[in-house]
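Take a look at the structure below.
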Amino acid sequence: MYRSNNVAARIFSRQIATPPPGTSFHCARRFYENIVPNHTVYDVECPDHSFRKFTVDGQYLITFSRNHRDLIVYRPKWLSFSYKGDEIDMFQELPSSAQKFESFFNLIYSVSLASCNELICKDFFLYMESNRFGIFATSTAQIQDAPAVGGAVPGVPSIEKITFHLLRLEDGEILDVKVFVNDFVNLAHNTGVFLYDDLLAIVSLRYQIVHILQIRDSGHLVDVRAIGAFCREDDELFLNSSSQCVGVSERSRLLAGNVENGYHHNESNTDNSFLSGLKQRLLSFIFRRIWNEETDHRLRVQCLTKSFYFHFQDYVDLIIWKVQFLDRQHLLLKLGSVDGGVSRMADHHRAFFAVYDMETTEIVAFYQNSGDDLYLLFERFCNHFHAASRNSLCMNFISSHSNNIHAQEQLRSLKNKAASYSQFVKKMLVSLPFNCQSQSPSPYFDLSLFRYDEKLISATDRHRQSTDHPIKFILRRPPYSLRFKIKSGNIIKLLLCIHLMSSAFASTLNTNFFPFLLSLFKLSFHIILSLSADT
């Protein structure tokens, strides 16, 4: 069947033909091959803010003041300028107002979040799929050599106060806050926090607790459970009631035995003599898995000695680095040493992955970061690790090696170039668990539509060094031509890539023009934020 790349022919074909079942979204996304940026506005007079990102619907642009105390939110004006004629004429027809930030965005509100000695974490921002609520974080400075008291993990820094703010994005009203005192949560790029539907997981590195909260429709943060020292809601009550049944003499005998074995703890901190509930479940799973692998008793004892008892202390010393929801019931935990948990270069540290069932409080799977079993799952079912909300359709179109043949070819090329298979597996699994809301669903990052240099830009939200080479987007289908390019070097303050359409063409697309323009704005700022280290 002949397919024309002409946008008018595509619009006409859309009116008279029905796409095959299950392909309507893919057919609609092909229009982005025609709707592309064709002009760049440099040296825009913009406010001196730190730009964070758009919400997924493009309605809100999140920025912070340079002193990291105020939240400033803008809304795009969308179609601001138009022109008639060829692309060459537009440079002469653009008015001087096109050089102003206010020509493209309206200020909605400015809210002061930080108080006293707190500062806004500029790399942290989460929003619900409904875009009603946004989550921001403020914190005090880190204390690197903080003493490990109250069950804290030695070697983990401490932050005097961490505050999570739940805001209504429509008007900026602060609806609720969650405060952590003398704790440590990795806020950089949403590493220590994960949002899935209305469930929020916060990892306390210092006390090794996964706090599960629910965001109610009323705008309140409600504690659901805390996974760590205790796994069930009544574990602490059960242990306390059991300890009361132990007589004074028996308790003294137990304490004396602990002193003889080198485990001296005062009575106010006797809970430290036990492993945490989560760690006990992990050790139990590893033991039972090794036990069930062998049926012969002699071989079973040998395997336990070699694979379990020999590494017992290594398993005990593991701490939780990151957490991600796989669904509303299961968590993917990444565990490793203390040094890897607080280091920015955790890629070189040994790591493990565990799948935890919150309903049964059991570990259901355990993997090493160099093992084939987890990598094969990651290669075949990569989309499941993104854990997109069931209400978010756009997040299902993020290109990966499990849903795109071009991404598969890239993966195959990396595998062939790798020096060793083990190192390749570690490199591929280092991104797990994925940081929450770190992937852009923009159609311009769809590998089935465009080809681009992922060293310069990709769907992953992270900083990159600016280069003098332009970012080129090339069509995947005939005629395989350069569709558009964006110069990333010498970006001053702000760069807007605006596709200036004629009024007649805009009316032809009618209401469908809005999502195209939305994606253009989001693509532009994704490139800005990833290339500008000072923002």
Side-chain angles (χ1 to χ4, degrees), residues 55-57 60 62 113 121 124-139 161-181 183-187 190-205 207-237 276-278 281 320 322-334 354-362 364 384-392 395 433-438:
T55 54
V56 72
D57 62 349
Y60 304 101
I62 306 301
L113 292 182
C121 179
F124 179 85
F125 167 60
L126 295 174
Y127 55 87
M128 294 191 66
E129 296 298 336
S130 61
N131 297 302
R132 288 183 56 198
F133 306 127
I135 303 174
F136 303 87
T138 59
S139 67
K161 184 180 180 182
I162 305 172
T163 307
F164 291 94
H165 306 261
L166 181 65
L167 271 75
R168 186 165 53 217
L169 291 177
E170 182 180 4
D171 54 11
E173 181 180 353
I174 300 177
L175 302 176
D176 202 353
V177 295
K178 178 69 174 179
V179 180
F180 293 87
V181 180
D183 208 333
F184 184 83
V185 178
N186 193 349
L187 299 176
N190 310 333
T191 300
V193 185
F194 201 92
L195 177 64
Y196 181 80
D197 288 341
D198 60 342
L199 295 178
L200 185 69
I202 302 175
V203 181
S204 167
L205 278 178
Y207 294 101
Q208 286 298 285
I209 299 176
V210 181
H211 300 272
I212 306 296
L213 293 83
Q214 185 180 27
I215 304 176
R216 297 289 178 84
D217 293 336
S218 59
H220 291 89
L221 294 170
V222 180
D223 292 314
V224 177
R225 56 169 56 93
I227 305 169
F230 309 106
C231 295
R232 297 187 183 274
E233 291 81 356
D234 58 347
D235 281 353
E236 185 176 9
L237 177 63
S276 67
L278 185 61
R281 283 161 172 77
I320 303 173
K322 295 173 63 177
V323 166
Q324 149 185 359
F325 283 102
L326 295 177
D327 51 39
R328 296 185 67 88
Q329 183 175 343
H330 296 89
L331 294 175
L332 176 63
L333 312 176
K334 187 173 186 178
V355 179
Y356 177 78
D357 189 325
M358 292 189 294
E359 298 299 327
T360 63
T361 70
E362 297 292 335
V364 296
H384 294 271
F385 289 91
H386 286 290
S389 170
R390 59 175 179 267
N391 300 321
S392 177
M395 300 304 293
F434 289 114
N435 290 351
C436 186
Q437 298 179 4
S438 63

Applying side chain to side chain donor-acceptor pair (under 3.5 Å), name anything that partners Asp171, two or more places apart in sequence or on another chain.
Arg168
Using the test side chain to side chain donor-acceptor pair (under 3.5 Å), find all partners of Asp198 that sit at least two apart in sequence or belong to another chain.
Gln214, Arg328
Is a side-chain N or O of [X] found less than 3.5 angstrom from the main chain of [Y], in a donor-acceptor match?
{"X": "Asp183", "Y": "Ser204", "value": "no"}
{"X": "Arg216", "Y": "Val222", "value": "no"}
{"X": "Gln324", "Y": "Phe434", "value": "yes"}
{"X": "Asp357", "Y": "Glu359", "value": "yes"}

Would you say the side chain of [Y] lies within less than 4.5 Å of the side chain of [X], judging by non-hydrogen atoms?
{"X": "Ile174", "Y": "Leu113", "answer": "yes"}
{"X": "Val56", "Y": "Gln437", "answer": "no"}
{"X": "Leu221", "Y": "Ile215", "answer": "yes"}
{"X": "Lys322", "Y": "Thr191", "answer": "yes"}
{"X": "Ile227", "Y": "Val323", "answer": "no"}

When rounded to the nearest 0.5 angstrom, what distance separates [atom1] in [X] from [atom2] in [Y]?
{"X": "Leu126", "Y": "Thr55", "atom1": "CG", "atom2": "OG1", "value": "13.0 Å"}
{"X": "Ile212", "Y": "Tyr196", "atom1": "CD1", "atom2": "OH", "value": "13.0 Å"}
{"X": "Leu237", "Y": "Phe230", "atom1": "CG", "atom2": "CZ", "value": "10.0 Å"}
{"X": "Arg225", "Y": "Asp235", "atom1": "CZ", "atom2": "CG", "value": "11.5 Å"}
{"X": "Ile135", "Y": "Met128", "atom1": "CD1", "atom2": "CE", "value": "7.5 Å"}
{"X": "Leu166", "Y": "Leu200", "atom1": "CG", "atom2": "CG", "value": "9.0 Å"}

Do you know which two heavy atoms are closest between [X] and [Y], and how far apart they sit?
{"X": "Gln208", "Y": "Leu205", "answer": "NE2-O, 3.1 Å"}
{"X": "Gly277", "Y": "Cys231", "answer": "C-SG, 3.6 Å"}
{"X": "Gly172", "Y": "Leu167", "answer": "O-CD2, 3.7 Å"}
{"X": "Ser276", "Y": "Ala229", "answer": "CB-CA, 3.7 Å"}
{"X": "Arg232", "Y": "Thr361", "answer": "NH2-OG1, 3.5 Å"}
{"X": "Asp217", "Y": "Phe133", "answer": "O-CZ, 3.7 Å"}

Return yes if a side-chain donor-acceptor contact under 3.5 Å exists between Thr138 and His165, otherwise no.
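The criterion, which ignores hydrogens and geometry beyond distance, is satisfied for His165 and Thr138.
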Do the ring planes of Phe164 and Phe180 sit parallel (below 30°), tilted (30 to 60°) or perpendicular (above 60°)?
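Rings of Phe164 and Phe180: perpendicular, over 60°.
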Quick one, Val203 with Asn186, criterion side chain to side chain contact (heavy atoms under 4.5 Å, CB included). Give me CA distance, side-chain angles, the key distance, then yes/no.
CA-CA 8 Å; Val203 181; Asn186 193 349; over 6 Å; no
Given the rule in the ring-ring contact (aromatic ring centres under 6.0 Å, His included) test, do Phe136 and Phe125 qualify, once you have shown the distances and angles that lead to the verdict?
CA-CA 5 Å; Phe136 303 87; Phe125 167 60; 4.9 Å; yes
